[in-house]
There are 2 protein chains.
Amino acid sequence: MKSKITVMLVDDHAVVRAGYRLLLSGTPNIEVVGEAERGEEACQLYADTRPDVIVMDLSLPGIGGLASIRRIRSRDTSARILVFSIHDELIYVVRALEAGARGYITKSCAPEILVEAVARIASGESFLEPEIAQRLAMQTLGGAEATTALNTLSAREFDVFLLLAKGYTTREVAEELRLGYKTVANYSTLIKSKLGVNTTAEMARLAYQNGIFKT
Amino acid sequence: MKSKITVMLVDDHAVVRAGYRLLLSGTPNIEVVGEAERGEEACQLYADTRPDVIVMDLSLPGIGGLASIRRIRSRDTSARILVFSIHDELIYVVRALEAGARGYITKSCAPEILVEAVARIASGESFLEPEIAQRLAMQTLGGAEATTALNTLSAREFDVFLLLAKGYTTREVAEELRLGYKTVANYSTLIKSKLGVNTTAEMARLAYQNGIFKT
DNA sequence: GATCCGTCGGGAATATCTCCCTGTCACAAG
DNA sequence: CTTGTGACAGGGAGATATTCCCGACGGATC
């Protein structure tokens with residue numbers, strides 16, 4: 001008989017881990033052999049148990065998910081990590097893959113996808129949630145690099161973007177940058193159009209989600 | 001033989017719901033009789049199935065968790081709702097209880113707590129996660145309002161605040177909450193005045209700084 | 001009953017946004 | 001040298017949005 005796929009779960013929410021454990025354990029050839037709730041803990045536990053696959057959330061207390069991935073991979077480049085995150089923004093996907101993850105799925109995917117992803121990662125393949133893979137492909141085709149849409153902004157546009165996102169009024173931005181009110185108003189419209197948002201509040205949200213502001 | 005406790009799950013992530021379903025179904029006297037992923041859907045489903053307990057996430061697409069709670073309770077004041085949120089900030093707890101929730105636990109609690117909470121809520125009691133209950137008591141004792149200025153907002157104002165901060169336009173907020181455009185516009189002005197900000201982007205910033213949004 | 005307060009919106013003046021357009025400058029390709 | 005191209009800066013006009021002031025209603029509270 002073939003041996004089971006061993007899996008380690010990393011998520012800071014115990015209830016969530018328990019749910020996944022049940023989901024995965026319902027599959028005969030998968031066995032959850034360890035759980036961690038912090039990045040540091042995960043590194044240690046991986047070194048000790050060497051599971052086939054690590055299923056990891058990105059928003060971890062402490063060093064965070066990305067740093068955890070890098071740390072684990074720096075000690076064992078064959079480590080297979082599947083990111084299982086709440087975020088579906090491409091920038092997260094790109095960063096996770098850059099860090100060394102083998103797969104990425106979101107928590108809004110169907111339960112079967114999780115099981116499938118674990119199996120594929122274990123067999124050495126990579127796995128992206130289909131909808132994300134498609135968007136990633138679209139974006140890669142559309143632009144040169146991992147374009148966060150923010151990268152499509154010119155320098156001046158980005159200046160305006162930052163201040164608006166911070167909560168400056170159009171008039172305040174104009175003063176700050178020594179521009180005419182109309183100029184800033186026009187930039188504002190242009191930026192929203194480029195970013196595909198309707199309000200400045202949504203711009204702020206983009207800024208936070210891309211980690212442009214600390215907190 | 002005593003009949004089972006019927007439970008309805010409301011969470012926008014299918015995988016997460018699946019996990020909870022397994023967790024709860026593992027307990028003999030609990031039965032999950034329905035699932036919804038949006039607030040509107042939850043209201044309808046509750047009206048149709050009348051489960052003993054609703055287990056609900058707060059961050060739902062559309063009208064959001066708080067408005068959902070209020071809507072359900074406005075049609076059936078005996079509805080028993082257990083909020084199961086990722087947020088542990090007290091402001092969420094207070095808001096949820098004000099809206100009519102009977103209990104509040106976070107996703108970082110132990111799995112047994114979920115089962116216990118459901119049982120307690122079903123029996124008519126209320127239930128707060130111990131750690132939260134303690135912090136709530138501390139704050140209340142502390143006397144000095146740990147007023148984030150956000151606490152000066154009324155329930156309705158907070159609804160509008162949340163959506164505006166999320167990036168909704170005035171018109172979209174009006175639709176979501178079924179209010180007149182003018183009403184929302186007036187609320188918007190009032191809220192900005194109460195919070196001492198000039199733009200909706202600054203509202204968004206406040207929201208992020210108070211940990212109201214996940215990212 | 002009188003008085004707040006929260007909720008919901010109308011009206012009118014004002015501010016802002018959007019869309020289209022002009023013009024300059026720098027820089028690169030033909 | 002000429003011809004793009006694209007960032008940069010703003011004007012004009014009309015559409016939208018915001019502000020401020022107001023009335024109305026239902027609940028509390030005193």
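The chains referred to below are lettered A, B, ... by the order of the sequence lines, with proteins before strands, and numbering in each begins at 1.
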For the pair made of [atom1] in [X] and [atom2] in [N], what is the distance, rounded to whole Å?
| X | N | atom1 | atom2 | result |
| --- | --- | --- | --- | --- |
| F161(A) | dC8(D) | CZ | P | 16 Å |
| L190(B) | dG6(C) | CG | P | 9 Å |
| D159(B) | dG6(C) | CG | C1' | 13 Å |
| E172(B) | dA17(D) | CD | C1' | 14 Å |
| L195(A) | dT18(C) | CG | P | 13 Å |
| F158(B) | dG6(C) | CZ | C1' | 17 Å |
| Y187(A) | dT18(C) | OH | C1' | 16 Å |

If you check the K182(B) side chain, which of dA9(D), dC19(C), dC20(D) turns out closest?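 It is dC20(D).
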Side chain N186(B) and base dC20(D) donor-acceptor under 3.5 Å: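 When only heavy-atom distances are counted, N186(B) does reach the base of dC20(D) through a donor-acceptor pair under 3.5 Å.
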Answer yes or no: side-chain N or O of K192(B) and base N or O of dT19(D) forming a donor-acceptor pair under 3.5 Å.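 Under the 3.5 Å cut-off, the side chain and the base do not form any donor-acceptor pair.
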Looking at [X], I'd like to know whether one of its side-chain N or O atoms comes within less than 4.0 Å of OP1 or OP2 on [N].
| X | N | answer |
| --- | --- | --- |
| T183(A) | dG10(D) | yes |
| R171(B) | dA17(D) | yes |
| T189(B) | dT19(D) | yes |

List the steps and the verdict of salt bridge (Lys or Arg N to Asp or Glu O under 4.0 Å) for E37(B) and R17(B). CA-CA 9 Å; E37(B) 57 182 41; R17(B) 285 202 310 275; 3.5 Å; yes
Regarding T170(B), tell me which of base, sugar-phosphate or nothing describes its non-hydrogen contacts under 4.0 Å with the strands shown.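 Sugar-phosphate only.
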Under 4.0 angstrom, heavy atoms only, what part of the nucleic acid is R178(A) near: base, sugar-phosphate, or nothing?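 The answer is nothing, as R178(A) stays clear of every strand by at least 4.0 Å.
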Out of curiosity, T200(A) OG1 to L206(A) CG, how far, rounded to the nearest 0.5 Å?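 One gets 12.0 Å once the value is rounded to the nearest 0.5 Å.
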Nearest 0.5 Å please: distance from the CE atom of M56(A) over to the CD1 atom of I72(A).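 Answer for the CE-CD1 pair, M56(A) versus I72(A), is 4.0 Å.
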Residue whose nearest DNA chain C nucleotide is more 5′ - L179(B) or Y181(A):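 Final value for this comparison: L179(B).
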My understanding is that only one of R120(A), R80(A), R102(A) makes a salt bridge (Lys or Arg N to Asp or Glu O under 4.0 Å) with E125(A); could you say which?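 Between E125(A) and the candidates, salt bridge (Lys or Arg N to Asp or Glu O under 4.0 Å) is satisfied uniquely by R120(A).
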Between V16(A) and D57(A), is there a side-chain heavy-atom distance shorter than 4.5 Å?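 A side-chain contact under 4.5 Å is absent here.
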